[in-house]
2 protein chains.
Amino acid sequence: MANIKDVAKAAGVSTSTVSRTINNSPSISLATKERIFSVMKELNYSPNMIAKSLTNNKSYTVTLIVDVEDEKSYQNPFFYEIMHGIERHVYRKEYSLIVANLSSTQKNQSVIEWLIKGKRTDGVILPASILSSAMIEILRKYNIPFVAIGEPVGLKESVSWVDVDNKKGTENAMYYLFEKGYRNIGFLGLNKTQLFSRKRLEGYKSALSDEQHEIDNDFIRECMNTKKEGYQHMIDLLQRDHRPDAIICADSHIAFGAIKACGELHLRIPEDIGIISYDNSQLAEISDPEITTVYVDVFELGLQSAKQLFELIEDPQKIDQGLLISTSIKVRETA
Amino acid sequence: MANIKDVAKAAGVSTSTVSRTINNSPSISLATKERIFSVMKELNYSPNMIAKSLTNNKSYTVTLIVDVEDEKSYQNPFFYEIMHGIERHVYRKEYSLIVANLSSTQKNQSVIEWLIKGKRTDGVILPASILSSAMIEILRKYNIPFVAIGEPVGLKESVSWVDVDNKKGTENAMYYLFEKGYRNIGFLGLNKTQLFSRKRLEGYKSALSDEQHEIDNDFIRECMNTKKEGYQHMIDLLQRDHRPDAIICADSHIAFGAIKACGELHLRIPEDIGIISYDNSQLAEISDPEITTVYVDVFELGLQSAKQLFELIEDPQKIDQGLLISTSIKVRETA
DNA sequence: TTGTAGGCGTTATCAT
DNA sequence: ATGATAACGCCTACAA
């Protein structure tokens, strides 16, 4: 394959001139520039990124770390779309995207360290769940910019992150339900160990107090993201004297269980009971009735994380920031 | 960061000696070898892969091409796991994995060509659906080994590929149903334009003739992978005089529709009607009853594709081959 | 506006 | 068993 020397020779100029036209330096006459471009086309020349990397000390590569062991994590069903969003921005920047699993260890070090030390990556996007202080220390030590997907919690350091606005999302769901006439709304699926879940609960509570409703703690149920637990709690809730007329489910699996419970108790959806869950379109659309959800634009989430990363790469002085992606209500059949 | 020269200096040897110990050449005395290793540890040295790439003319990188526009493709729900399998093998080889979307074009060329010409990749894994002759021509022209996910169809060239053994999978599902006492089995979800679908039908037919059953063409239904169409065809099938007592669904969405139809006609599953679909565990497990499926080990699919790719990378003379991954029956509640 | 030359970090060849 | 040196393809002072 042709290299810069071949082009230079064929165009009758020096390699510097070719290099300059490639990187469109202003000080090249139009004539030579055009000649060089035509020669490049003729020889089917493309700059060798590896050589470029070596001189510029950049890899032109960005890494997305995934944590496959954590398959139950809330982000997982969205993962593919997040990656898609990241991918879009990364290739626009003419970088390429490396994907690596956290646990793909090489000789006792984390992949991240391996990639960094081998100069294979200029920046990292990684789930907040794995962003320990130790991890941050490594990243900082080698001066590698990074962005977390999800708001990190319990960290002394300030870092860049992107997350879904879970609080607002739930508030909006609540307002939507109020608007539709529902008055006694419950919250199913609290998981205190997860920030996003607590945020959703916050939104639930703040919407209630905004609307001057009292908070009935029995309407707030902690449960796992499973159909089974959703079903059990729903049955229990519906058999109370004072039963809810609408439910916000933290997850679509829970919503499936809730719908089943309603069916068994002969309650019509959405007439007797309204249900809104968080988005997993595949599940929401196959459900019968189809589930109305808080829609999360995960593609955008990925895209924004990549944008933030490049801002950091291009300006290392740039200060870290957090960004919340807003949600919308995707109306289907359950509310 | 320390480089090979620093190590050499600190160890009192030449860079060649250091290079040799890194690549464990046999002709290095144990003493120096040990000294060098300890110095490397001390200086926190790691070889710069970019420099290594430049000299060796290898990128130590492999690319997975995804076709995001083709979201409805049968492979898509599996994509994450395929990637996981690929990732595992790639990092074992101490390569890194680039992911790129087919349509991430750079200046009128495909990403693939862009990556190749920039010397960013040593091999490519890509869905058979995008493996056109033009694509192959490019890959061959630059001598880049590649492996298709899915058996390519209508290609003159012989290529390496890995696919699921759809025919055998369906045969096994049929034998399982026979064993359970089902006798009149239908096939829902044929899509003549897709090889995998035709293969599944082949398996259906071959199992029938093996067991000396006649093929009733009305038991074979062409339909889209949607709940709605699955429902309609199932209703229609069940209202015939001679109705099936079991159904193989080409997809879980179809199975959802079929289950709904059974419910409406008050047929019990699995007593009156048995159902087996192809695996999408998320859907299969959330269904009520849970769907018995043909389980496809997509992780293995990815792993094998990566293995094949590396065989090609390591031995360019290696001849192309096709590989079929076998399936198993995941018994749940519908059969 | 263009050319010359040295350097980026490694490996391979040829010596010793 | 080890060392010196050129080469990989590009970029960037510095010079002209």
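Bear in mind that the values here come from a model prediction, so they are computed numbers and not experimental data. Numbers restart at 1 for each chain; the letters A, B, ... are given by sequence-line order, proteins then strands.
D:dC11 atom C1' lies 16 Å from atom CD1 of A:Ile50, rounded to whole Å. Rounded to an integer number of Å, the gap from B:Tyr60 OH to D:dC8 P is 17 Å. Computed from coordinates, the A:Asn24 CG to C:dT1 C1' distance equals 16 Å when rounded to whole Å.
For the helix from C:dT1-D:dA16 to C:dT16-D:dA1, the rotation axes defined at the first and last 5 base pairs enclose an angle of 40°, given to the nearest 10°.
In this structure, B:Thr17 reaches the sugar-phosphate backbone alone: every heavy-atom distance under 4.0 Å involves primed, P, OP1 or OP2 atoms, never a base. Within 4.0 Å of A:Gly118, counting heavy atoms only, lies no atom of the nucleic acid at all. Among the atoms of the strands shown, only primed sugar atoms or phosphate atoms (P, OP1, OP2) are found under 4.0 Å from some heavy atom of A:Ser29. Residue contacts for A:Ser53: at a heavy-atom cut-off of 4.0 Å it reaches no nucleic acid atom on any strand shown.
Between the side chains of A:Ser96 and B:Arg120, at least one donor-acceptor pair of N or O atoms lies under 3.5 Å. With no hydrogens or angles considered, a side-chain donor-acceptor pair links A:Lys117 and B:Asn44 at under 3.5 Å. Under 3.5 Å, the side chains of B:Asp122 and B:Ser59 contain a donor-acceptor pair of N or O atoms. Defined by atom type and a distance below 3.5 Å, a donor-acceptor pair is present between the side-chain atoms of A:His84 and A:Glu81. Side-chain atoms of B:Thr17 and B:Ser14 include a donor-acceptor pair closer than 3.5 Å.
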What donor-acceptor contacts under 3.5 angstrom involve side-chain atoms of residues 306-318 of chain A, with partners at least two apart or in another chain?
from: A:Gln308; atom 1: NE2; to: A:Trp161; atom 2: O; distance (Å): 3.3
from: A:Glu314; atom 1: OE2; to: A:Lys93; atom 2: NZ; distance (Å): 3.0
from: A:Asp315; atom 1: OD1; to: A:Gln317; atom 2: N; distance (Å): 3.0

Taking distance alone, no hydrogens or angles, what donor-acceptor pairs closer than 3.5 Å link side-chain atoms of residues 25-36 of chain A to residues at least two apart or in another chain?
from: A:Ser25; atom 1: OG; to: A:Ser27; atom 2: N; distance (Å): 3.2
from: A:Ser25; atom 1: OG; to: A:Ser27; atom 2: OG; distance (Å): 3.2
from: A:Ser29; atom 1: OG; to: A:Thr32; atom 2: N; distance (Å): 3.3
from: A:Ser29; atom 1: OG; to: A:Thr32; atom 2: OG1; distance (Å): 2.9
from: A:Thr32; atom 1: OG1; to: A:Ser29; atom 2: O; distance (Å): 2.9
from: A:Arg35; atom 1: NH1; to: A:Ala11; atom 2: O; distance (Å): 2.4

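Screening residues 42-62 of chain B for ring-ring contact (aromatic ring centres under 6.0 Å, His included) gives B:Tyr60-B:Tyr95 as the qualifying pairs, with residues at least two apart or on separate chains.
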Restricting to nitrogen or oxygen on both sides, can you table the protein-nucleotides 9-12 of chain C pairs closer than 3.5 Å?
from: C:dG9; atom 1: OP2; to: B:Asn3; atom 2: ND2; distance (Å): 3.4
from: C:dT10; atom 1: OP1; to: B:Tyr45; atom 2: OH; distance (Å): 2.7
from: C:dT10; atom 1: OP1; to: B:Asn48; atom 2: N; distance (Å): 2.9
from: C:dT10; atom 1: OP2; to: B:Ile4; atom 2: N; distance (Å): 2.5
from: C:dT11; atom 1: OP1; to: B:Asn23; atom 2: ND2; distance (Å): 3.2
from: C:dT11; atom 1: OP2; to: B:Ser19; atom 2: OG; distance (Å): 2.6

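Listed by chain and number, the residues in a side chain to side chain donor-acceptor pair (under 3.5 Å) with B:Glu113 amount to none (sequence neighbours excluded).
Nucleotides of DNA chain D nearest to B:Asn57 and B:Arg35 differ in position, and the one nearer the 5' end is that of B:Arg35.
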